[in-house]
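A note on names: the letters A, B, ... follow the listed sequences, proteins ahead of strands, and every chain is numbered from 1.
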2 protein chains.
Amino acid sequence: MMRLMDTQSPWLDDDQQDLWQALLTVVIALPAALDRQLQRDAGISNFEYGVLAQLSMADEATMRLSDLARVCDSTQPRLSKVMDRFEARDWVARRPDPGDGRYTLATLADAGRHKLVESAPEHVAQVKRLVFDPLSAAQRRHLGAALTRIAATVRRETEGG
Amino acid sequence: MMRLMDTQSPWLDDDQQDLWQALLTVVIALPAALDRQLQRDAGISNFEYGVLAQLSMADEATMRLSDLARVCDSTQPRLSKVMDRFEARDWVARRPDPGDGRYTLATLADAGRHKLVESAPEHVAQVKRLVFDPLSAAQRRHLGAALTRIAATVRRETEGG
DNA sequence: CTTTTTCACTTGCCTGGGCAAGTGAAAATA
DNA sequence: TATTTTCACTTGCCCAGGCAAGTGAAAAAG
């Protein structure tokens, strides 16, 4: 029930239903599993880890908050509050962009980089165990290609409104 | 930086990094996009939609809460609070399992089924647009296979502790 | 039969995050 | 130059969800 087979119908067919269920499990349970590991071992969330990692990869470990929000798939208020916490622990520093006072530049501080380097190995191991180990090399390639397309579509949806 | 190429290293190589970034975007931005659509059009979250859908597919539209929590990848407190809201709107009814008073049976009520049927078309259309339309038939098969493996691994992680 | 343990579920407390309104800076308009 | 609009970011209010403690029922132990 709740699904008809006609390909033109508004419903999903059986194969689509299976894919969709698997994707739902992944988008719900995978972040939860990553959060549990990082919270237990490092006291930070998966999202916070991502913010530190993105900053660390930027030139001079510095980015505008709006750019950082975009690459982290974050809203501005959410990132703003994460930066409040990070600044309180001296993991990052904020300052107005000298070129345009509307922007704010965030720079990863030593303590923040240390936190990232310290928590990375266990986190990466968890990612490998949950995502890469179950797949063959070919499956990884296919998965990467498919996810890249979906990610691009979702990003357009998010930004375009 | 933050990534070395050695396959034995604790880091991800470039291809893995790309896959991982795409997966992060999907697990973060896809639920957000689904939530926005459902919240706007139906006033419910993606998770709440999933609860209604799972119940609707069960025999007699009735399930034990613990089973429902499992198929929805939910904790028990989270599901318990969703059921509070649903019961307040007469979308579901809860009663003790006659066979074992520790379990609670949840049954989808008419109003709940109506809500599901009413909100399904736009939601399914959104899923098709964001997930299926960007992919070829072959990519869908490959994606389904890969996600099924990852989902199984994550479920084991979640249940096994 | 009584007591203890093990369940399934719920409740309370606290934090994270969404949205909408507020602030301050730069650009556009007059 | 003065005013308005646009932009990047922050703040306040509210609600969802995680965790740990609490409740009530069934099984196990005595």
Where at least one partner belongs to residues 24-34 of chain A, residue pairs that pass salt bridge (Lys or Arg N to Asp or Glu O under 4.0 Å), sequence neighbours excluded: none
ring-ring contact (aromatic ring centres under 6.0 Å, His included) pairs, two or more places apart, involving residues 93-112 of chain A: none
Those residues of residues 74-90 of chain B lying under 4.0 Å from DNA chain D by at least one heavy atom: B:Thr75, B:Pro77, B:Arg78, B:Lys81, B:Arg85
Rounded interatomic separation in angstrom, taking CZ from A:Arg70 and P from D:dC9: 11 Å
Pairwise distance CG(A:Leu65) to CD(A:Gln76) - rounded to 0.5 angstrom: 7.5 Å
Comparing A:Asp67 and A:Arg36 on DNA chain D - which has the more 5′ nearest nucleotide: A:Asp67
Those residues that, when tested against A:Glu87, pass salt bridge (charged side-chain N to carboxylate O under 4.0 Å, His left out) (two or more places apart): A:Arg94
Nearest-angstrom distance from the residue atom CG of A:Asn46 to P of D:dG18: 14 Å
Spacing between B:Met63 atom CE and C:dA8 atom P, to the nearest angstrom: 14 Å
Set of side chain to side chain contact (heavy atoms under 4.5 Å, CB included) partners for B:Val71, sequence neighbours left out: B:Gln54, B:Met63, B:Leu68
Atom pair distance, as rounded to whole Å: CZ in B:Arg40 and C1' in C:dG18: 16 Å
Whole-Å gap separating P (D:dA25) and CZ (B:Arg64): 16 Å
A:Leu65 CG to C:dA25 C1', straight-line distance once rounded to whole Å: 15 Å
Integer-rounded Å distance: C:dA25 P and A:Arg95 CZ: 17 Å
side-chain hydrogen bond (donor to acceptor under 3.5 Å, both in side chains) contacts touching residues 140-150 of chain B (sequence neighbours left out): none
Axis-to-axis angle between the two ends of the helix from C:dC1-D:dG30 to C:dA30-D:dT1 (five base pairs per end, rounded to 10 degrees): 10°
Salt bridge (Lys or Arg N to Asp or Glu O under 4.0 Å) contacts in which one or both residues fall within residues 56-68 of chain A, not counting sequence neighbours: A:Arg64-A:Asp97, A:Asp67-A:Arg70
ring-ring contact (aromatic ring centres under 6.0 Å, His included) pairs, two or more places apart, involving residues 66-100 of chain A: A:Phe86-A:Trp91
Pair B:Glu157 + A:Arg129, salt bridge at N-O below 4.0 Å: yes
Listed partners of B:Asn46 passing side chain to side chain contact (heavy atoms under 4.5 Å, CB included), at least two apart: A:Leu24, B:Leu34, B:Asp35, B:Leu38, B:His123
Gap between atoms CZ and P, on A:Arg94 and D:dC9 respectively (whole Å): 10 Å
Those residues that, when tested against A:Asp133, pass side chain to side chain donor-acceptor pair (under 3.5 Å) (two or more places apart): none
DNA chain D-proximal residues of residues 97-109 of chain B, any heavy atom under 4.0 Å: B:Asp100, B:Gly101, B:Arg102
